[in-house]
Amino acid sequence: MKSKIWLMEGLSSQKDIIQGIKAFADQLKCRITVFASHRNERNEILSVADHSLIEPKDAEKRLEFILDTVALHGINAIHTGRNSLWFEENRAAIEASGATLTTGATGADWLTLSEEKVAFSQFMEQNSLPVVPSWRVTTLSELKDYLASPPFSDSPVCVKPVTGIYGIGFWRFDDTASSMALFNHPENRVVNSQQYLAAADASESFTPLVLMPYLPGPEYSVDILADKGEILAAVGRRKEGPVQYLEHEGEAFELACACARAMKADGLVNVQTRNNHHGKPVLLETNMRPSGGIGYTRHSGVNLPGLFAAYQLGLMSKNDVIENAKSSFSPAAVRSITDVILYPEQLTNRLN
Ligand SMILES: Nc1ncnc2c1ncn2[C@@H]1O[C@H](COP(=O)(O)OP(=O)(O)O)[C@@H](O)[C@H]1O
Ligand SMILES: [Mg+2]
């Protein structure tokens, strides 16, 4: 009987995933042992697992560390939310250990595609899925030309880096914005184009950008459990100001699932959409990894991390997972808050 799952370092929700799995195992009355590891002493994450390990900082040592750990502790399933490209490159060697590997993707090419926003947008167009119209801007002079005469007339212009994360570098241009607006309210992400161009001019290098029409929203973030492109469970979050509404149907939800299918997603992934000015959802991006907000989705009754672990370990069949997600869902609204938790200075569950 398989029961040991290992969550290696993730980007932002490793703790919520561990707690989701533990709660699901309690609810199912089955034994799942959760191993967790991180390169840093993230004791607030590691302490909630059954066993914890510190990962080597050096990527050269990672494969040996994984193989030793699997052999020593009899790990059945490995999940990673970070360094996914490295994991894909080493998939055969890792799976030769007998453990399964989940990276969110079924190959390195899918990871690269999801990280390159213009290529992603073109791929979605080829698949006849609505996506935010995107122009690649590689030089400052191209940006100046686009801002002087945008390729669309019905929306304000915005940009973001071609490869990026956490919304860093996203800006909306508004030439009526005062020059102090971005200093006083950086969270609005609004900038006067002259100011942006002056800053870009003064910078030594130009980061390639995606130029897009600004979409009014609302925005949806859909967390999905997939098996090699087949959707098993999903929960959408419609973002309205500070409140997020949990959903499991609708046009944005269906579009996100179609996107994950086209990307051959595998494991826990996240697709984001936003409504255009016709009120129609279009794709913004997909991340082939669990989102930072995946833990919020448990308030819908659907435990995506738990379903993932149970499925990976063979404790639930594909149909069980699909049925469980369908029957457990009920709509809910959630609001994220800032909070503190106790940081255990010593780990009592550490194995290495
Ligand atoms: N065309 C757009 N119109 C309006 N808002 C956008 C647009 N593109 C991105 N955004 C906003 O910027 C955020 C970050 O963009 P996203 O494509 O998710 O990149 P990343 O999360 O990788 O930085 C989105 O969550 C959304 O709120
Ligand atoms: Mg995003």
Side-chain angles (χ1 to χ4, degrees), residues 84 88 103-137 150-152 154-155 157-165 167 170 208-239 244-291 293-294 297 304 322 325-326:
S84 304
E88 277 304 335
T103 65
T106 46
D109 292 354
W110 297 107
L111 294 171
T112 318
L113 183 64
S114 73
E115 269 154 30
E116 225 279 8
K117 292 192 167 87
V118 179
F120 167 78
S121 154
Q122 287 165 353
F123 183 72
M124 289 302 136
E125 270 174 14
Q126 286 160 17
N127 281 269
S128 308
L129 296 176
V131 61
V132 61
S134 303
W135 285 264
R136 189 191 297 273
V137 184
F152 44 86
D154 47 8
S155 310
V157 181
C158 60
V159 289
K160 64 189 172 192
V162 173
T163 57
I165 176 171
F170 172 80
L209 296 171
V210 192
L211 183 115
M212 310 162 287
Y214 180 81
L215 308 165
E219 185 162 325
Y220 289 77
S221 181
V222 184
D223 295 301
I224 296 172
L225 169 59
D227 177 22
K228 297 189 177 68
E230 185 178 347
I231 311 300
L232 307 186
V235 178
R237 287 177 280 135
R238 187 180 83 247
K239 300 183 172 181
Q244 303 191 12
Y245 296 87
L246 306 182
E247 301 181 350
H248 74 153
E249 59 195 3
E251 214 174 335
F253 178 90
E254 296 301 335
L255 175 59
C257 291
C259 172
R261 247 177 245 123
M263 296 294 291
K264 305 267 187 300
D266 190 52
L268 296 167
V269 302
N270 176 261
V271 180
Q272 292 153 35
T273 74
R274 216 172 146 95
N275 285 10
N276 63 18
H277 63 278
H278 302 296
K280 290 280 177 196
V282 299
L283 293 163
L284 275 188
E285 68 152 350
T286 177
N287 290 316
M288 310 297 272
R289 58 168 182 269
S291 71
I294 189 170
T297 60
L304 292 172
I322 294 171
K326 265 195 200 134

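Numbering starts at 1 and runs along the sequence shown. Just so it is clear, the model here is predicted, and its values are computed rather than measured.
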**OP:** Classify the ring geometry between Phe253 and His248 as parallel (under 30°), tilted (30 to 60°) or perpendicular (over 60°).
**Re:** perpendicular
Subject >> Pro213 to Pro133 - nearest heavy-atom pair and separation >> reply: CD-O, 3.3 Å
**OP:** Please say which of Arg274, Glu247, Gln272 ends up in a side-chain contact (heavy atoms from CB on, under 4.5 Å) with Tyr220.
**Re:** Glu247
Original post:
Got Pro161 and Pro208 here, is their nearest side-chain heavy-atom distance under 4.5 Å?
Top reply: no
Original post:
Within a strict 4.5 Å, meaning less than it, do heavy atoms of the Asn270 and Ile294 side chains meet?
Top reply: no
Subject >> Met288 side, atom CE; Thr106 side, atom OG1 - distance, nearest 0.5 Å >> reply: 6.5 Å
Original post:
Nearest 0.5 Å, what's the CD-CZ distance between Glu219 and Arg238?
Top reply: 13.0 Å
**OP:** For the pair Thr112 (side chain) and Ala108 (backbone), establish whether a donor and an acceptor sit closer than 3.5 Å, ignoring hydrogens and angles.
**Re:** yes
Subject >> Contact check, side chains of Val271 and Ile224, non-hydrogen atoms, under 4.5 Å >> reply: yes
Original post:
Are Leu215 and Asn275 side-chain neighbours, meaning at least one heavy-atom pair lies under 4.5 Å?
Top reply: no
Original post:
Going by distance alone, is a donor N or O of one side chain under 3.5 Å from an acceptor N or O of the other, for Ser291 and Asp223?
Top reply: yes
Original post:
So, do Lys160 and Met212 sit near enough that their side-chain heavy atoms are less than 4.5 Å apart?
Top reply: yes
Subject >> Salt bridge present between Glu230 and Arg261 (N-O < 4.0 angstrom) >> reply: no
Original post:
Of Val132, Thr273, Val131, which meets side-chain contact (heavy atoms from CB on, under 4.5 Å) against Leu284?
Top reply: Val132
Subject >> Check: Asn287/Ser114 side-chain N/O donor and acceptor closer than 3.5 Å >> reply: no
Original post:
Is it true that a side-chain atom of Asn276 and a backbone atom of His278 form a donor plus acceptor pair closer than 3.5 Å?
Top reply: yes
**OP:** Mind running side-chain contact (heavy atoms from CB on, under 4.5 Å) on Glu285 and Met124 for me, showing each step along the way?
**Re:** CA-CA 10 Å; Glu285 68 152 350; Met124 289 302 136; over 6 Å; no
Original post:
Judged by modelled atom types alone, do Thr103 and Glu88 share a side-chain donor-acceptor pair under 3.5 Å?
Top reply: yes
Original post:
Are any of the side-chain heavy atoms of Val235 and Val222 separated by less than 4.5 Å?
Top reply: no
Original post:
Is there side-chain contact between Ser121 and Lys117, with at least one heavy-atom pair below 4.5 Å?
Top reply: no
Subject >> Contact check, side chains of Pro130 and Leu255, non-hydrogen atoms, under 4.5 Å >> reply: yes
Original post:
Ring centroid separation for Trp110 and Phe120, is it under 6.0 angstrom?
Top reply: no
**OP:** For Leu283 and Cys259, work out which heavy atoms get closest and say how close.
**Re:** CD2-CB, 3.7 Å
Original post:
Between Phe152 and Trp135, what is the ring plane arrangement, given parallel below 30°, perpendicular above 60°, and tilted in between?
Top reply: tilted
